[in-house]
Asker: 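Take this structure first; my questions come after.
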Amino acid sequence: LPAEAIRDQALAISGLLVERLGGPSVRPYQPAGLWKELSGGEDYKADKGENLYRSSLYTFWKRTAPPPAMAVFDAAGRETCIVRATRTSSPLQALNLMNDVTYLEASRVFAERMMERGGPTPTSRLTYGFRRATARRPTSQEREILLGSLARYLAKYQKDRDAATKFVSQGELERNKRFDVGELAAYT
């Protein structure tokens with residue numbers, strides 16, 4: 001996927017994507033201090049509410065400081081016209097997906113959706129989530145890998161409830177308190 005679509009895909013799968021067309025630029029989550037050095041002290045301030053979940057097409061760009069996540073995923077600069085964007089696969093991209101507030105929040109909301117709509121068993125929930133993310137059912141090998149990972153994370157987060165709470169508290173949208181925090185962190 002192109003850089004602009006990666007974030008949108010995560011938001012869409014989780015159900016967070018706001019598909020309203022048009023309107024002014026929005027300011028999704030960005031790292032703290034993003035503009036501080038460039039603007040003489042004024043720092044980037046993320047929007048609140050639905051603007052955090054608008055399509056990446058509407059993201060505000062500052063030419064001297066583009067959105068870091070988009071730059072990491074090879075978004076073209078705005079100085080010249082680019083006919084064909086480059087595509088790379090780097091460790092920075094993986095780190096971004098595992099640590100960026102947008103992806104953590106989308107993962108948690110997706111986990112809540114799996115737990116709510118996926119059925120009563122881990123197998124049915126994981127099958128629901130896999131199908132929603134890939135448009136196909138998991139193979140038996142994929143299902144075993146997912147169940148093994150879920151069991152490992154469930155054991156970890158049931159022991160360390162503080163880490164689980166911190167993990168599922170990322171982003172502006174509050175977590176659904178109906179779900180056990182350890183189980184929610186494991187599905188996330």
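Quick note: residue numbers are just sequence positions, from 1.
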Asker: Decide, yes or no, whether a salt bridge links Arg20 with Glu50 under the criterion of side-chain N to carboxylate O below 4.0 Å.
Answerer: yes
Asker: More than 12 foreign heavy atoms under 6.0 Å from CZ of Arg161: is that the case here?
Answerer: yes
Asker: Give me the atom names and distance for the closest heavy-atom approach of Leu154 to Gly182.
Answerer: CD1-O, 4.0 Å
Asker: By ring-ring contact (aromatic ring centres under 6.0 Å, His included), which residues pair with Tyr153, not counting sequence neighbours?
Answerer: none
Asker: Among pairs that include at least one residue of residues 5-15, which meet side-chain hydrogen bond (donor to acceptor under 3.5 Å, both in side chains), considering only residues two or more places apart or in two chains?
Answerer: Arg7-Ser56, Asp8-Ser55, Asp8-Ser56
Asker: What pairs with Arg125 under salt bridge (Lys or Arg N to Asp or Glu O under 4.0 Å), at least two apart in sequence or on another chain?
Answerer: Glu183
Asker: Would you please say whether a donor-acceptor pair under 3.5 Å links the side chains of Ser124 and Thr121?
Answerer: yes
Asker: Using the salt bridge (Lys or Arg N to Asp or Glu O under 4.0 Å) criterion, which residues pair with Asp47? Sequence neighbours excluded.
Answerer: none
Asker: Kindly indicate, with the supporting measurements, whether the criterion side-chain contact (heavy atoms from CB on, under 4.5 Å) is fulfilled by Gln158 and Asp180.
Answerer: CA-CA 9 Å; Gln158 292 294 14; Asp180 174 71; 3.2 Å; yes
Asker: Measure the spacing between CZ of Arg27 and OG1 of Thr59 and express it to the nearest 0.5 Å.
Answerer: 11.0 Å
Asker: Taking Gln170's backbone N and O only, do any of them form a donor-acceptor pair with Arg108's side chain (distance below 3.5 Å, no angle check)?
Answerer: yes
Asker: Are any non-hydrogen side-chain atoms of Tyr58 and Ser25 less than 4.5 angstrom apart?
Answerer: no
Asker: Could you check if a side-chain atom of Arg175 sits within less than 4.5 angstrom of a side-chain atom of Val181, using non-hydrogen atoms only?
Answerer: yes
Asker: Are Tyr187 and Tyr157 linked, directly or through other ILVMFWY residues, by side chains that come within less than 4.5 angstrom of each other?
Answerer: yes
Asker: Hey, could you give me the CZ/OG1 distance between Phe167 and Thr165, rounded to the nearest 0.5 Å?
Answerer: 12.0 Å
Asker: How many angstroms lie between atom CG of Leu173 and atom CG of Asn176, to the nearest 0.5 angstrom?
Answerer: 9.5 Å
Asker: List for me each residue that meets salt bridge (Lys or Arg N to Asp or Glu O under 4.0 Å) alongside Lys45, sequence neighbours excluded, and say none if there are none.
Answerer: none
Asker: Would you mind reporting whether Leu184 and Met115 have side-chain heavy atoms less than 4.5 Å apart?
Answerer: yes
Asker: Please determine, by modelled atom types, if Asp74 and Thr86 share a side-chain donor-acceptor pair under 3.5 angstrom.
Answerer: no
Asker: Please report the shortest heavy-atom distance between Arg54 and Gly22, naming the atom on each side.
Answerer: NH2-O, 2.7 Å
Asker: Please report the interatomic distance CG(Leu97) to CD1(Ile6), rounded to the nearest 0.5 Å.
Answerer: 7.0 Å
Asker: Transitively linked via ILVMFWY side-chain contacts under 4.5 Å: Tyr44 with Val101?
Answerer: no
Asker: Under the ring-ring contact (aromatic ring centres under 6.0 Å, His included) rule, collect the residues that match up with Tyr53, sequence neighbours excluded.
Answerer: none
Asker: Nearest heavy-atom pair of Pro67 and Phe60: which atoms, and what distance?
Answerer: CG-O, 4.0 Å
Asker: Treating Tyr103 as the side-chain partner and Asn96 as the backbone partner, does any N or O pair qualify as donor plus acceptor under 3.5 Å?
Answerer: no
Asker: Indicate yes or no: at least one non-hydrogen side-chain atom of Glu172 is less than 4.5 angstrom from one of Leu52.
Answerer: yes
Asker: Search all heavy atoms of Leu147 against all heavy atoms of Pro122 and return the closest pair with its distance.
Answerer: CD2-CB, 4.0 Å
Asker: Is there a continuous path of hydrophobic side-chain contacts, each under 4.5 Å between heavy atoms, that joins Met114 to Leu104?
Answerer: yes
Asker: Grouping I, L, V, M, F, W and Y whenever their side-chain heavy atoms are under 4.5 Å apart, do Ile13 and Leu146 come out in a common cluster?
Answerer: yes
Asker: May I ask you to decide if Ala46's main-chain N or O and Gln30's side chain share a donor-acceptor pair within less than 3.5 Å?
Answerer: no
Asker: Could you check Glu116 against Arg178 for salt bridge (charged side-chain N to carboxylate O under 4.0 Å, His left out), going step by step and ending with a plain yes or no?
Answerer: CA-CA 10 Å; Glu116 199 167 52; Arg178 286 188 342 215; 2.9 Å; yes
Asker: Applying side chain to side chain donor-acceptor pair (under 3.5 Å) to Tyr29 and Glu105, what does each step give before you reach the verdict?
Answerer: CA-CA 11 Å; Tyr29 301 117; Glu105 183 177 37; 2.9 Å; yes
Asker: Assigning hydrophobic clusters by single linkage (Ile, Leu, Val, Met, Phe, Trp, Tyr; side-chain heavy-atom cutoff under 4.5 Å), is Val109 placed with Val18?
Answerer: yes
Asker: Using a 3.5 Å distance criterion without hydrogens, assess whether the side chain of Gln93 forms a donor-acceptor pair with backbone atoms of Thr88.
Answerer: yes
Asker: Can you name the closest pair of heavy atoms from Ala69 and Asp100 and give their distance?
Answerer: CB-OD2, 4.2 Å
Asker: Could you tell me which non-hydrogen atom of Pro138 sits nearest to which non-hydrogen atom of Thr127, and how far apart they are?
Answerer: CD-CG2, 4.0 Å
Asker: Output the distance between atom CZ (Phe130) and atom CD (Glu142), rounded to the nearest 0.5 Å.
Answerer: 3.5 Å
Asker: What verdict does the side-chain contact (heavy atoms from CB on, under 4.5 Å) test give for Arg152 and Ser149, after you've listed the backbone C-alpha separation in whole Å, the side-chain angles of each residue and the deciding distance to 0.1 Å?
Answerer: CA-CA 5 Å; Arg152 193 170 58 252; Ser149 293; 3.5 Å; yes
Asker: Atom CZ of Arg113 and atom CG of Leu16: how far apart are they, to the nearest 0.5 Å?
Answerer: 8.5 Å
